[in-house]
Amino acid sequence: MHGWTLGIVGMRSSRTTVLTVLIGLVAGLPQAYGDDMCAPASDSSRVAIAGGSITEIVYELGLEERLVAVDRTSNFPSAALELPSVGYVRNVSAEGVLSLSPTLVLGEDDMGPPATIEQLRATGIETRKLAEAHDIEGILDKVRCIARIFGLDEQAQQAAVDKYSPLLNQLAEVDQGTDIKAALVLSLADGVPMAGGADTSAQGVLSMAGATNVFDEFTGWKPVSLEAMAASNPEFIVMPTRGLKAAGGREAVLQHPAVRLTPAGQKGQLIDIDGMTLLGFGPRTLDAAHRLAILFGTLSELR
């Protein structure tokens, strides 16, 4: 596991659950990605990537020698940091990409801006944006899709997801019937919590770990008031490590007015995890969900 900095007081006892969501997953369920999106690229010999989860998967597949550039969210593995940068995933530099003469540009669903995508396609460079599904199936489908784009056969595609079978078996044991309430706070910009609601990566990872997102009544990422945080009453608060540091560190967050009166603040149940591990929805997010489930008490640490 990578990038953990954890501080938890008071672990809850684990509970056993019936295997449900993952039966048959590694054998292949209906994909969240269309055939056209995942069709083998005409030429994947020189690839520029905009999206850290894609970069992570390419390295997992052992295909990193084909990469000519990555974006700033591609911080894992550390070797990716040595590649030329095309900017931030949502603000890719067309000039920077074109200067590297890629044969394929591969991006996450928020790759942009649209004008850049249009410019790249107008030059004849094959440019694809991958769909995103914030659940376990979505992660495995993304692995299969990228393997297929790079020209790996079905056997190699299956082998790419089979390696996660032990972890998937663990996640299948997460108790989804608990009443654990958690909030995922991206940052405390200007002292205001920015929390993840429904249809976000925050919702996805909390659900994978067997917790209820206390802010699932709104969609997307939104600032929440002190009153809303207090009323939501989370037992756990999860933050990306970078957001925690920017907010002044662990003790500063626990003493924040929006946090200190919640059960999470009073019990010190504040968890921080590397942001891309937590929210990137590459293979490491499976690790993040597994670790959160242990800390939430929805999965036994000894399993």
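In this text, all values refer to a predicted model and were calculated from it rather than measured experimentally. Numbering of residues begins at 1 and proceeds along the displayed sequence.
- Counting heavy atoms from C-beta outward, Arg66 and Ser45 have side chains that stay 4.5 Å or more apart.
- For the pair Asn213 (side chain) and Gly196 (backbone), a donor-acceptor distance under 3.5 Å is present.
- In this structure the side chain of Leu206 reaches within 4.5 angstrom of the side chain of Phe296, judged on heavy atoms.
- Remark: Glu154 CD to Arg148 CZ distance equals 8.0 Å, nearest 0.5 Å.
- Panel note: side chain Lys129, backbone Met111; a donor-acceptor pair is recorded below 3.5 Å.
- For the pair Tyr88 and Thr73, the minimum side-chain heavy-atom distance is below 4.5 Å.
- With values rounded to the nearest 0.5 angstrom, Gln269 atom CD is found 4.0 Å from Phe236 atom CZ.
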Discussion item. Assess the residue pair Thr55 and Glu108 against the criterion (side-chain contact (heavy atoms from CB on, under 4.5 Å)); give the C-alpha distance rounded to whole Å, side-chain angles, the decisive distance to 0.1 Å, and a yes or no.
Written reply: CA-CA 10 Å; Thr55 300; Glu108 293 177 348; over 6 Å; no

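- Between Arg284 and Asp287 there is no salt bridge, since no side-chain N of the basic residue sits under 4.0 Å from a carboxylate O of the acidic one.
- Counting all heavy atoms, side chain and backbone alike, Thr298 lies closest to Gly210 at CG2-O, 3.7 Å.
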Practice prompt. For Leu171 and Tyr164, run side-chain contact (heavy atoms from CB on, under 4.5 Å): C-alpha distance rounded to whole Å, both residues' side-chain angles, the deciding distance at 0.1 Å, then the answer.
Written response: CA-CA 11 Å; Leu171 289 171; Tyr164 305 114; over 6 Å; no

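- Linking Ile, Leu, Val, Met, Phe, Trp and Tyr whenever their side-chain heavy atoms come within less than 4.5 Å puts Ile139 and Leu299 in one cluster.
- When all heavy atoms of Phe281 and Lys142 are compared, the pair lying nearest together is O-NZ, 3.0 Å.
- Using a 4.5 Å heavy-atom threshold, the side chains of Val253 and Val185 count as separate.
- Using a 4.5 Å heavy-atom cutoff, the side chains of Leu278 and Leu292 are in contact.
- Residues Leu184 and Leu295 fall within the same hydrophobic cluster, defined by Ile, Leu, Val, Met, Phe, Trp and Tyr side chains chained together at heavy-atom separations under 4.5 Å.
- In this structure the side chain of Asp110 reaches within 4.5 angstrom of the side chain of Val89, judged on heavy atoms.
- Note on Met239: it clusters hydrophobically with Phe215, by side-chain heavy-atom contacts below 4.5 Å among ILVMFWY residues.
- Between Pro283 and Val143 the shortest side-chain heavy-atom distance falls below 4.5 Å.
- Side chain of Arg250 to backbone of Leu270: a donor-acceptor contact under 3.5 angstrom is found.
- In terms of modelled atom types and a separation under 3.5 Å, the side chain of Thr212 and the main chain of Val214 share no donor-acceptor contact.
- Proximity of Asn75 to Leu81: side-chain heavy atoms (C-beta onward) are separated by under 4.5 Å at one or more points.
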Practice prompt. Using the side-chain contact (heavy atoms from CB on, under 4.5 Å) rule, take Phe150 and Leu61 through it: C-alpha gap first, then chi angles, then the decisive distance, then the call.
Written response: CA-CA 10 Å; Phe150 275 76; Leu61 294 172; 5.6 Å; no

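- Using modelled atom types, one finds no donor on one side chain facing an acceptor on the other under 3.5 Å when comparing Thr127 with Arg121.
- The distance from the CG atom of Leu286 to the CG atom of Leu167 is 5.5 Å, given to the nearest 0.5 Å.
- How far CD of Glu56 is from OG1 of Thr285: 7.0 Å, rounded to the nearest 0.5 Å.
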